[in-house]
Amino acid sequence: MAAATHSVTLDGLSGRAIEVEADIGGGLPQTVLVGLVDTMVTEARDRCRSAVSNSGTTWPDQRVTINLAPSTLPKSGSHYDLAIALAVFAAKSLIPAEQLAGAAFLGELALDGRLRAIRGVLPATMAAAEAGFERVFVPEVNVPEAELVQGIAVVGVRSLRQTVALLTGQEQPDDPPVPPLDDTPSISWTSGDRLAHLDLADISGQDDSRMALLVAAAGGHHLLMTGPPGIGKTMLAQRLPGLLPDLTHEQSLAVSAVHSVAGVLPSDAPLLTRPPFLDPHHTASAVSIVGGGSRAIRPGALSLAHHGVLFLDEAPEFASNVLEALRQPLESGHVVVSRAAMTAAFPARFQLVLAANPCPCGLGSSAGDQCRCTPLMRRRYADRLSGPIRDRVDIHRVLTSMSRPELASAMTGARSTSDLAVTVAVARGRQARRLDGTPWRLNSEVPGVELRKRWPVRDEGRVLVDQQLRTLKLNARSADRILRLAWTIADLVGHDVPGAGDVETALSLRRGTALGGAMRDLVQTA
């Protein structure tokens with residue numbers, strides 16, 4: 001006897017429907033799993049045998065062949081268990097084949113037949129809906145996550161016995177709920193919500209740096225801050241999420257899907273509505289930052305920060321291969337992780353914030369100039385952030401220590417985060433209206449060629465950029481970034497088209513020189 005059910009396999013965030021076939025034939029008692037499965041899927045053979053035996057029937061005392069088709073597609077994960085067990089039930093004629101039609105099954109089985117929570121339910125449910133399935137069966141604890149997808153009925157089940165009863169119309173057993181396993185990392189370190197109470201008004205002085213942070217938030221620009229320890233680099237970076245608006249529904253689904261695949265999506269809040277904030281330690285490996293894994297490919301910090309902020313504190317202390325891995329995602333907005341058996345693509349359109357000391361000891365440019373680093377030591381330290389990485393960062397700021405009188409006079413007069421967030425929202429609204437009908441929503445996303453053709457700056461501003469290009473102070477890529485910055489500045493101050501003043505301010509932000517004028521008034525109270 002042969003029967004089939006359906007499930008979903010994930011390739012990064014992309015899912016494809018697969019058919020799970022079970023055939024009970026003659027021969028020595030043996031269970032064989034085929035279909036380009038990895039070790040994790042092969043272990044399902046023993047889990048399903050025990051689960052079926054503990055759910056009201058026996059495992060066939062014959063040769064059982066289970067095929068996950070198409071056989072050319074790699075299979076990984078434990079979420080095929082439910083589909084495999086139900087295929088065996090159907091092959092034994094215990095479930096009518098018509099009840100299995102139009103349904104996809106996701107879930108990991110415990111040995112007693114209970115269903116455990118699984119990763120990646122959100123993108124798998126989205127793939128099932130796109131494939132035309134009418135229903136999807138998921139573990140009860142994953143129901144809130146699966147119900148985020150429209151156009152498909154979600155059925156939450158606690159056990160294999162309950163699933164069989166639902167499919168056959170029998171009385172459902174009173175199985176106890178399965179408590180969620182606490183085997184995933186805490187979500188707090190990837191959520192900007194934990195930083196919501198931090199206020200920019202708490203930072204005394206540093207008006208130019210707060211202004212740079214405001215521009216970065218308004219246009220989605222990358223930021224590099226250099227200064228001695230204790231100057232406020234980390235405090236500024238941690239207050240950036242508070243300036244950003246809530247995610248749109250489409251962005252929330254994309255971010256939640258990445259966190260679901262990574263296994264860090266909280267079951268009580270499956271839809272993330274705030275931009276994530278990732279701040280990995282400088283000892284983090286390339287796999288934890290970029291993504292990967294020995295068995296299944298998981299997203300790294302680059303993808304977990306999608307539509308949010310990736311903050312690298314002590315950036316020069318990160319391994320060189322980790323820093324250089326930022327190059328391609330900063331340009332393309334996605335990361336491709338390739339292994340011998342499979343390749344997975346994850347979204348990675350994040351806002352990068354880098355913080356660095358001026359030298360190895362950190363005392364360079366500090367008050368008193370107590371640094372004893374040699375010029376060679378300083379140059380080697382600075383070279384850890386390569387030219388291509390620096391060139392991809394829009395805004396460069398050098399933070400300097402303040403004297404006691406300056407610090408005392410700067411204790412008041414700064415605008416709060418909630419106040420500045422309104423300014424950011426207004427600037428982003430101007431961008432949204434201008435970019436309506438295009439695939440871009442922020443100035444930082446607009447390609448340079450489109451920016452020059454469709455939204456050129458005023459002639460006097462273009463002349464300033466051309467002068468910088470002729471004197472080789474800018475290259476073609478950095479010139480485009482200056483134009484993007486100029487548009488963001490214009491959106492903040494209310495200019496319809498960037499003029500010479502906006503371009504000059506953009507050049508100052510790029511060079512890390514002092515700012516002033518109308519931009520300074522944006523971060524200060526009247």
Report task. Evaluate side chain to side chain contact (heavy atoms under 4.5 Å, CB included) for R481 paired with R392, printing each intermediate quantity in order. Result -> CA-CA 8 Å; R481 294 187 177 276; R392 285 168 167 81; 4.0 Å; yes

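Residues L244 and V309 meet the side-chain proximity criterion, which asks for heavy atoms closer than 4.5 Å. Side-chain contact between L363 and P228 is absent, with no heavy-atom pair separated by less than 4.5 Å. Considering only heavy atoms from C-beta on, L507 comes within 4.5 Å of L474 through its side chain. Contact annotation: the side chain of F350 never approaches that of L304 to less than 4.5 Å [non-hydrogen atoms, C-beta and beyond].
Among all heavy-atom pairs drawn from I203 and R210, the shortest one is O-NE, 4.0 Å. For the residue pair I297 and A344, the shortest heavy atom distance occurs at CG2-CB, 3.9 Å. Heavy-atom minimum distance, V336 versus Q328: N-OE1, 4.5 Å.
A donor-acceptor pair shorter than 3.5 Å can be found between the side chains of N475 and S478. For the 3.5 Å distance criterion, the side chains of S78 and R116 fail to qualify, holding no donor opposite an acceptor.
No more than 12 heavy-atom neighbours from other residues, nucleotides or ligands sit within 6.0 angstrom of CZ on R379. Within 6.0 Å of CZ on R16 lie no more than 12 heavy atoms contributed by other residues, nucleotides or ligands.
Using a 4.0 Å cut-off between charged side-chain N and carboxylate O, D391 and R510 make a salt bridge. A salt bridge links R430 with D496; the closest basic N to acidic carboxylate O contact falls under 4.0 Å. Taking the charged nitrogens against the carboxylate oxygens, K75 and D38 have no contact shorter than 4.0 Å, which rules out a salt bridge.
Atom-to-atom distance recorded for N443:CG and E445:CD is 9.0 Å, nearest 0.5 angstrom. In this structure, CG in L352 is found 6.0 Å from CG in L326, a value given to the nearest 0.5 Å.
No side-chain donor-acceptor contact under 3.5 Å links E450 to the backbone of P447.
Under the side chain to side chain contact (heavy atoms under 4.5 Å, CB included) rule, Y381 has a single partner from P316, P358, C361, C373, which is P316.
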